[in-house]
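Below is one structure; the comments refer to it alone.
A quick note: this is a predicted structure, and the numbers were derived from the prediction, not measured. Below, read A as the first sequence line, B as the second, and so on, with proteins coming before strands; counting in each chain starts at 1.
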Amino acid sequence: MHDLKAIRDNPQAFDDGLARRGLAPLSARLLELDSRRRTAQTRFQEMQARRNELSKQIGILKRQGQDASAVMAEVAELKDKVPAMEDEDKALGAEIDALLAAIPNLPAEDVPDGPDEEHNVELRRWGTPRDFDFQPLEHDALGEKSGLMDFDSAAKMSGARFVVLKGALARLERALGQFMLDVQTGEHGYTEVNPPILVKDDALFGTGQLPKFGDDLFRANTGHWLIPTAEVPLTNLVADKILDEAALPMRMTALTPCFRSEAGAAGKDTRGMIRHHQFWKVELVSIAHPDRSDEEHERMTGCAETILQRLGLPHRTIVLCTGDMGFAARKTYDIEVWLPGQGRYREISSCSNCGDFQARRMKARLKADKGNRLVHTLNGSGLAVGRTLIAVMENYQQADGSILVPEALKPYMGGVEAIR
RNA sequence: GGAGAGGUGCCAGAGCGGUCGAAUGGGCCGGUCUCGAAAACCGGUGUGGGGGCAACUCCACCGUGGGUUCGAAUCCCACCCUCUCCGCCA
C-alpha cells in the first residue's frame, strides 16, 4: 500500500515507479480523488464540529434548567445533512482505498529495468555442476524408478500436482526440513515459530495477496484461507503493533506446508513435483528498522544460500528486474539451483525486501520520538523443501539410479547413506 | 455444541448517557536530589486523518459493523475474538 501523502508530494516519482513496472500513470486520478475527498471530509468535519458544539450547549442549558429547544431545533436541521455528507466522504475514501490496495510496490532504485524474466541479472554463482559419465535423469524418473515417488496414487486421491513420497525419500524430505530449520535457528539467529496455516482475509490483505490474488489461493468453507507461504502468518505477527527499536531486527522462521492453486500455471511444469498444490517450505521473515532493511536483505539472502552450500548444490543468485517482481516487493533476489536432469537452473528461493509496503497495510510501526515510523518487512525462502529434495536427487544420483545422501543430511537420515 | 464472564491507551486497570480522549498504577522520556547510581519527588507521554509556514486547531477512534439520542466508551442489535465451566474430541 502506498502513502497518499508521498504521492501528493511527488506524483512524478510515483508515476515513474509505476512506469518501471510497466504500468500506466495513476497519480493524476488518485490526486483528483484525494482532493475531492479532502474537500468532502473538511465539510463533513466542520459540520460535525458545529453539531458537537451545539450538543454541548444543550447539555449546559439543560443542567441549568433552561430551555434548549431553539438549539435543539438548529442541531436537528443540521442533522438532515449528515447522511449525505458522510456518504460522500466514505464513498470517496473507499474508492481511493480500493485503488491503492491494487497498486503494487514500486521498485527500488537499483533494481534493473525490464519487462520479463529475460531481463533479470545474474549476480553470482556458487559451485560447479557435476560432470556425469551417464545421462542424468530428472527427479520424477528417478523417483518412479525407486518406487518411492508415486504420482499415480496421488492423482487418484487428489488429482494433478500432488505426490506421495515413501520410505527413505519421505524421510529425506523430513530431513531437509529439519536441517534447514536447525541452521536458520541455530546459526542465523532466527526464532522458530509454529504458526497457523489457515488465516483470515485481513492477514492476506496485510501481506498483499488480497484483494488481487485470491484466485491463487485455496479457501476453506469456513472462510479461512490456506496459506500460500508462511510469510503470511509470520509477517502478520507484527500487524497493528508498535515496536520498540530494541526489538529490531525481529527474525522469525517456520517450517510449514504451503498451498497454491496454481490457477495461472496451467500446462506449466505439469510433470514431476516442481510446481505442486502443496509443498513444504522453510520461510524466513525479518522485521527490520526502516534505515537498515537493505543490509538485512543481503544477510537474509546469504542465510538462504548457506543451505545450498552446506548441501553442496550448485546455484546462482539473480536480481529480478522490475517486470518480474512480485506485488509487494521493492527488490527481490532469486536463488536458482542447478538441476542436472533438466540441465538448467531453477528457482528454489525468493528473498524480497518489501520496504514499508506491507507494514502500511498491516499497521506495523516502530516507536519513534516524533511520529511513529513504519517498519520494513522482508521475507525469503530458506528454502523450498520440495524443490531442494528434487535438487538433491538430481545432483546426487548414481548411474544405477540410487541417490547418495549429502554429508550434511546424514545426521538426519538415521544411518541411511544412499536411497535406492 | 451448551452455560457464564469479558474485550478500554505501550502494559495493567477504572469509567452516573453530557467539561471523558478517557481516573489510577506500571513502563518510557525529561528534570530535581546525588561524586555517580538507586530510591524519592516534580513534569511529560495514545493512534490515525484534515487545515495551518508555525504556534495551534478541528475530526475520528474505548473489539467490528449497525441502531437509539440534540449528545454514546457508557443504552439496543448483530458479528468477531478471549477466558471459565460442562460436553465432545486428535
**Q.** B/A73 to B/U64 separation - C1' atoms, rounded to the nearest Å
**A.** 15 Å
(Q) Between A/Glu46 and A/Arg43 (salt bridge meaning N to carboxylate O under 4.0 Å), is one present in this structure? (A) no
Q: Report yes if a side-chain nitrogen or oxygen of A/Arg38 is closer than 4.0 Å to either non-bridging phosphate oxygen (OP1 or OP2) of B/G51; otherwise report no.
A: yes
**Q.** Span that lies between the C1' atom of B/U45 and that of B/G26, in whole angstrom
**A.** 13 Å
Q: In whole angstrom, give me the gap between the C1' atoms of B/G21 and B/C62.
A: 9 Å
**Q.** Between B/G1 and B/U74 - P atom distance, rounded Å
**A.** 28 Å
Q: Check whether any side-chain nitrogen or oxygen of A/Asn52 sits under 4.0 Å from OP1 or OP2 of B/A60, and answer yes or no.
A: yes
Q | Under 3.5 Å on both distances, the Watson-Crick or G-U partner of B/C61 | A | B/G46
Q.
With a 4.0 Å limit, can you tell me whether A/Arg51 has a side-chain N or O closer than that to the phosphate oxygens OP1/OP2 of B/U69?
A. no
Q) What interatomic distance, in whole Å, is found between P of B/U68 and the corresponding atom of B/U57? A) 33 Å
Q: Would you indicate, yes or no, if B/C59 has its OP1 or OP2 atom less than 4.0 angstrom from a side-chain nitrogen or oxygen of A/Gln41?
A: no
Q: Return yes if the base of B/G51 and the side-chain atoms of A/Gln45 contain a donor-acceptor N/O pair under 3.5 Å, otherwise no.
A: no
(Q) Between the side chains of A/Asp34 and A/Arg38, is the shortest nitrogen-to-carboxylate-oxygen separation below 4.0 Å, so that they form an ion pair? (A) yes
Q: Taking atom C1' in both B/C33 and B/A38, compute the distance separating them and give it to the nearest angstrom.
A: 12 Å
Q.
Over all strands shown, is A/Ile58 touching base, sugar-phosphate only, or nothing at heavy-atom distances under 4.0 angstrom?
A. base
Q) When you measure from the side chain of A/Arg310 to the backbone N and O of A/Met180, does any donor-acceptor pair fall under 3.5 Å? A) no
Q. Under 4.0 Å: is that the gap between some side-chain N or O of A/Arg50 and OP1 or OP2 of B/G71?
A. no
Q | A/Lys56 side-chain N/O to B/C20 phosphate OP1/OP2 under 4.0 Å | A | no
